[in-house]
Amino acid sequence: MFAINEARIYYCVIVIIVTCSSIGSVKLVSSELPDESIMFAINEVIGVPGWGVNNSDYCYWSGIQCGVTRHVEIFDLSNRWLRGNVSLVSELRGLKWLDLSSNYFSGPIPGAFGELSKLEFLDLSVNKFGGDIPKEFGKLTNLKALNLSYNFLVGGIPKELEALVNLRDFQISGNRLNGSLPLWVGNLTNLTVFAAYENDLVGEIPRRLGSASRLVLLNLHSNQLQGSIPDSLFSKGSLEFLVLTQNRLTGTIPESIGSCDRLSSIRIGNNNLVGNIPKTVGNITSLTYFEVNNNNLSGEILVNFSGCANLTLLNLASNGFTGSIPPELGQLTNLQELILSENSLSGNIPQTLLHNGNLNKLDLSNNRLNGSIPVCSTSRLQFLLLSQNSLTGEIPPDIGTCVKLLELQLASNYLTGTIPSEIGRLKNLQIALNLSFNHLHGTLPSELGKLDKLVALDVSNNRLFGPIPTALKGMLSLLQVNFSNNLFTGPIPAFVPFQKSQNSSFEGNNGLCGQPLSSSCGINSYDQDNYPRKVSYRIILAVVGSGLAVFISVTVVVLLFMMREKQERSTKDLGLVDETVNAKPLIAAGNVFVDNYRQAIDYEAVVKATFKDENKLSCGTFSTVFKATMPSGLLLLVRSLKSVDRTVIQHQNKMIRELERLGKLSHDHLMTPIGFVIYEDVALVLHEYIYMCNGTLAQLIHDNTKKPEYEPDWPTRLSVAIGVAQGLAFLHSVAVIHLDISSSNILLDANMTPRLAEIEISKLLDPCRGTASISAVAGSFGYIPPEYAYTMQVTAPGNVYSYGVILLETLTTRWPAEEAFGEGMDLVKWVQNAAQRGETPEQILDARLSTVSFGWRKQMLAALRVAMQCTESTPAKRPKMNKVIEMLQEIKE
């Protein structure tokens, strides 16, 4: 107890001294204070979880190691989510290792750290430090590693750092540093790692860099560096990783590059390099990545690349290479990506390229290649891009054996023959099928309708004829089509992606009719010469008379209905009739998208089900969900959209089009509509009830009444989280932003597969687009991203934030907003402030899961880090959903 009280006294003294020193009136004189007192004072300022709780001996606190004299030598508080003033750390004069990385420390980096004369390792990366790099760091002559990456540092690299002669690892990437790379960097004889990428550095790469040191890694990408690549980089032969992409470098690739037989990665794309690729590159047997895209290089593609047996990526795109593609590239059995697009290559495509069983991407587009398309005999190919060449012959039927293809681009060639029906076997084809601007003829194979994941189809500017097959309605994910400038005839199939396309997608086919073309498929769509010119006037009079009679009859009926409605309204206003009992709703429109359900769904029964409170299942921000039992026995989920104006009437046609489009979206983790009913100014969206067999994710996480056998385990929660991420990523890929992501809007089917609900809201009731006067707040409380308060815009990064809240909810079993958090506190802030409360990351997890096994706890902590990235306050720092999926999959594996 005495030690703690003494420490607090010292703490007060130190704080006064530090405060005075910060305004320049008093110099720090507390170097003689014992480390024990300093450590307790640091803990008072920063509040490190666990420190002093079970052990008052600071030498045994987590992240701390002392020497034999009980001076602190290692101070490691990395990845603790800490905030506060770290100036007091500079009083630990025995420090050799200081790691404060991956926290939330801000303000200028304390210059007093320069007084830590014994320091050998200093890592302040991934924080929010600002200002200049302290000149005082030049005093750290024993320093071997300095990492200041990913902060907000500005200014140049101080000349004083020249004194760091023992420096081996120097990293300053991801800041806002400017000025030139100082020449003295090349004099650091012990330097092995130098990373200064993603800054605003200018000037040339120092000529001595690499010649005086045994540099292993040099990464300077995304700056504004000029001049040539120095020969000196390769003189010692120690370089393994060279990354200089996205600068303004000129000159040629040095011949000496081949002397570095350890080089694994050469990435020098997006510069202004000229000349040939040195033949010596073929000597680098350890080479795995070679990228020189977007330069002005010329000459032929080196046959010597065949000597780089470990090469997995070769990217020579957007240069001036000529000649043919060496067949020897087919010998690179480890090659996964070959990108040679936008050059002036000619000759045939070597058959050997498609014999490579590991090839994932082949991009030869925008060249002058001729000959035929080689036979596809590789099992892993996902991208085959051959557009804008001079290829001839037919599309080989064995294209159907490339079953993993995601994208097939064959546009702007001289291909002939018919479209092979075998393309229908490419069930994974998703991004695009582009056969436009060729000489293809014949009819469209109906097998294309099996491509239910395909988003874009373009067969324009060919000589295709016959009708457009109705089987193409099976292309459920289709968003873009182009059939223009062919010889198609007959009616355009009634299919939403077709009808929503522009006229230009079907123009140039004189025999086509129907939407979206202006010509209907009735009598007026044919040439008048094909019909008798003389028409009996008696027939005309009969038709006109019949039409007039029908019009009068309909008018009378409508007037009678209006009078009856007026009477019923008056009766209802007097309280004489309960309209929910015998009311027969006036249904304005309805449709069912799934053939199997058409006979089983009764629109009137759907509407009446929403009149009864006992059918209400949940109530969200934008809709209320009901259960509806059809006379056939079919169970439905009915979502009644909320609107405070007459949106449904004013935008009825638009809403119907959007619902039909969303009904065609196909994804395992989306709750897509199967139909709709519109009555008065209410829109009801229909869904399958099976989506909700296991309730919602909110119920799974928070319902304590579940029986023990239904208690969710961590693998189940992780699988659900990955599924939701996949559904959300798919929505973003088709430009749909979700308005209300919450655990209550995630339904779980019989197999615990999650389905993201309310996807239709973003298109039908989006306040940002002025289509409805709904709530002033888009989303559910606790899930709304902080930037919405001032932007009032729902964005993809905002969706990522909401997803991060769901992930935190899954990990902690806490609601996004609880009274226990305190006033103005939500789940995100509660997690962020855990350290200030003295809680470790383990302590905020759901103990029912985290204590089951070390493996589960390790995965949950990793998922917690993902959740914290998703809920970053700055939208630009949040990962995209595809990256989130990748991180969670890695955790699962």
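If you read the sequence from its start, that first residue is 1, and numbering goes on from there. Hydrogens, waters and symmetry mates play no part in the numbers below; they use all other heavy atoms, side chains included.
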Would Arg93 and Asp35 satisfy salt bridge (charged side-chain N to carboxylate O under 4.0 Å, His left out), going step by step from the backbone distance to the final call? CA-CA 9 Å; Arg93 297 300 169 84; Asp35 280 6; over 6 Å; no
Determine, step by step, whether Leu215 and Leu209 satisfy the side-chain contact (heavy atoms from CB on, under 4.5 Å) criterion, reporting the C-alpha distance in whole Å, the side-chain angles of both residues, the deciding distance to 0.1 Å, and the verdict. CA-CA 8 Å; Leu215 202 62; Leu209 189 60; 4.1 Å; yes
For the pair Trp61 and Phe40, evaluate ring pair (Phe, Tyr, Trp, His ring centres under 6.0 Å) and give the outcome as yes or no after the intermediate values. CA-CA 11 Å; Trp61 290 354; Phe40 276 102; 5.1 Å; yes
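Remark: the backbone N or O of Ile64 is not paired with any side-chain donor or acceptor of Asp76 at under 3.5 angstrom. Using a distance-only test at 3.5 Å, with no hydrogens or angles considered, no donor-acceptor pair links the side chain of Asn882 to the main chain of Ala729. Although no hydrogens or angles enter the test, the distance criterion places a donor-acceptor pair under 3.5 Å between the side chain of Gln859 and the main chain of Ile891. Under a 3.5 Å cut-off, the side chain of Asn43 and the backbone N or O of Ala41 do not form any donor-acceptor pair. A donor-acceptor pair is defined here as one N or O able to donate and one able to accept, closer than 3.5 Å; no such pair exists between the side chain of Asn142 and the backbone of Glu120. Asn178 places no side-chain N or O within donor-acceptor distance of the main-chain N or O of Val154, the cut-off being under 3.5 Å. Between the side chain of Asp200 and the backbone N or O of Leu177, no donor-acceptor pair lies under 3.5 Å.
Remark: Tyr58 engages no residue in a ring pair (Phe, Tyr, Trp, His ring centres under 6.0 Å) (not counting sequence neighbours). In this view, Phe241 satisfies the ring pair (Phe, Tyr, Trp, His ring centres under 6.0 Å) rule with no residue, not counting sequence neighbours. The side chain to side chain contact (heavy atoms under 4.5 Å, CB included) check on Gln726 picks up His667, His669, Ile722, Ile885, Gln889, with sequence neighbours excluded. Residues meeting the side chain to side chain contact (heavy atoms under 4.5 Å, CB included) test with Asp169, sequence neighbours left out: Ala145, Gln171, Val193. The side chain to side chain contact (heavy atoms under 4.5 Å, CB included) search around Arg208 returns Asn187, Ser211, Ala212, not counting sequence neighbours. By the ring pair (Phe, Tyr, Trp, His ring centres under 6.0 Å) test, Trp830 is found to be paired with Phe821, residues two or more places apart in sequence or in another chain being considered. Applying the side chain to side chain contact (heavy atoms under 4.5 Å, CB included) criterion to Asn190, with sequence neighbours excluded, gives Asn166, Arg168.
Under the ring pair (Phe, Tyr, Trp, His ring centres under 6.0 Å) criterion, the residue pairs touching residues 104-145 are Trp97-Phe121, with sequence neighbours excluded. For residues 864-890, the pairs satisfying salt bridge (Lys or Arg N to Asp or Glu O under 4.0 Å) are Glu787-Arg878, Lys883-Glu886, with sequence neighbours left out. Pairs engaging residues 169-189 under the ring pair (Phe, Tyr, Trp, His ring centres under 6.0 Å) rule: Phe170-Phe194 [sequence neighbours left out]. Among pairs with a residue in residues 48-63, those fulfilling salt bridge (Lys or Arg N to Asp or Glu O under 4.0 Å) read Asp57-Arg70, at least two apart in sequence or across chains.
In this structure, OG on Ser180 lies 11.5 Å from CG on Asn223, to the nearest 0.5 angstrom. Ser719 OG to Leu888 CG: the interatomic distance, rounded to the nearest 0.5 Å, is 10.5 Å. The CG atom of Leu748 sits 7.0 Å away from the OG1 atom of Thr696 when rounded to the nearest 0.5 Å. Taking CG of Asp99 as the start and CG of Leu122 as the end, the distance is 8.5 Å to the nearest 0.5 Å. In this structure, CG on Asp713 lies 3.5 Å from OG1 on Thr716, to the nearest 0.5 angstrom. Interatomic distance, Ser149 OG to Asp123 CG, rounded to the nearest 0.5 Å: 8.0 Å.
The side-chain heavy atoms of Thr141 and Leu164, taken from C-beta on, include no pair separated by under 4.5 Å. Contact check for Leu148 versus Ile133: side-chain heavy atoms found under the 4.5 Å cut-off. Residues Val86 and Val45 fail the side-chain proximity criterion, which asks for heavy atoms closer than 4.5 Å.
The nearest pair of heavy atoms linking Lys135 to Pro158 is CG-CB, 4.2 Å. The shortest heavy-atom contact between Cys870 and Val884 is SG-CG2, 3.7 Å. In plain terms, the two heavy atoms of Asn151 and Lys128 that are nearest each other are OD1-N, 3.3 Å. Considering every non-hydrogen atom in both Leu161 and Pro134, the closest pair reads CD2-O, 4.5 Å. Looking at every heavy atom in both residues, Val831 comes nearest to Leu864 through CG1-CD1, 4.3 Å.
In the model, Tyr197 has no side-chain atom that pairs as donor or acceptor with a side-chain atom of Gln246 under 3.5 Å. Side-chain polar atoms of Ser286 and Ser264 form no donor-acceptor pair below 3.5 angstrom.
Trp51 and Tyr60 have their aromatic ring centers separated by at least 6.0 angstrom.
Within the cation-pi definition used here (under 6.0 Å to the ring centroid, within 45° of the axis), Arg267 qualifies as a partner of Tyr289.
Looking at Glu115 and Lys139, a side-chain N of the basic residue comes within less than 4.0 Å of a carboxylate O on the acidic one, giving a salt bridge.
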Please tabulate, for side-chain N and O atoms in residues 796-811, each donor-acceptor pair with protein atoms closer than 3.5 Å (sequence neighbours left out).
unit_1	atom_1	unit_2	atom_2	d
Asn799	OD1	His732	NE2	3.0
Asn799	OD1	His738	N	3.0
Asn799	ND2	His738	O	2.8
Ser802	OG	Tyr783	O	2.7
Ser802	OG	Gly798	O	3.2
Tyr803	OH	Ala721	O	2.7
Glu809	OE1	Ser743	OG	3.4
Glu809	OE1	Tyr783	OH	2.7
Glu809	OE2	His702	NE2	2.7
Glu809	OE2	Ser743	OG	2.8
Glu809	OE2	Tyr783	OH	3.3
Thr810	OG1	Ile806	O	2.8

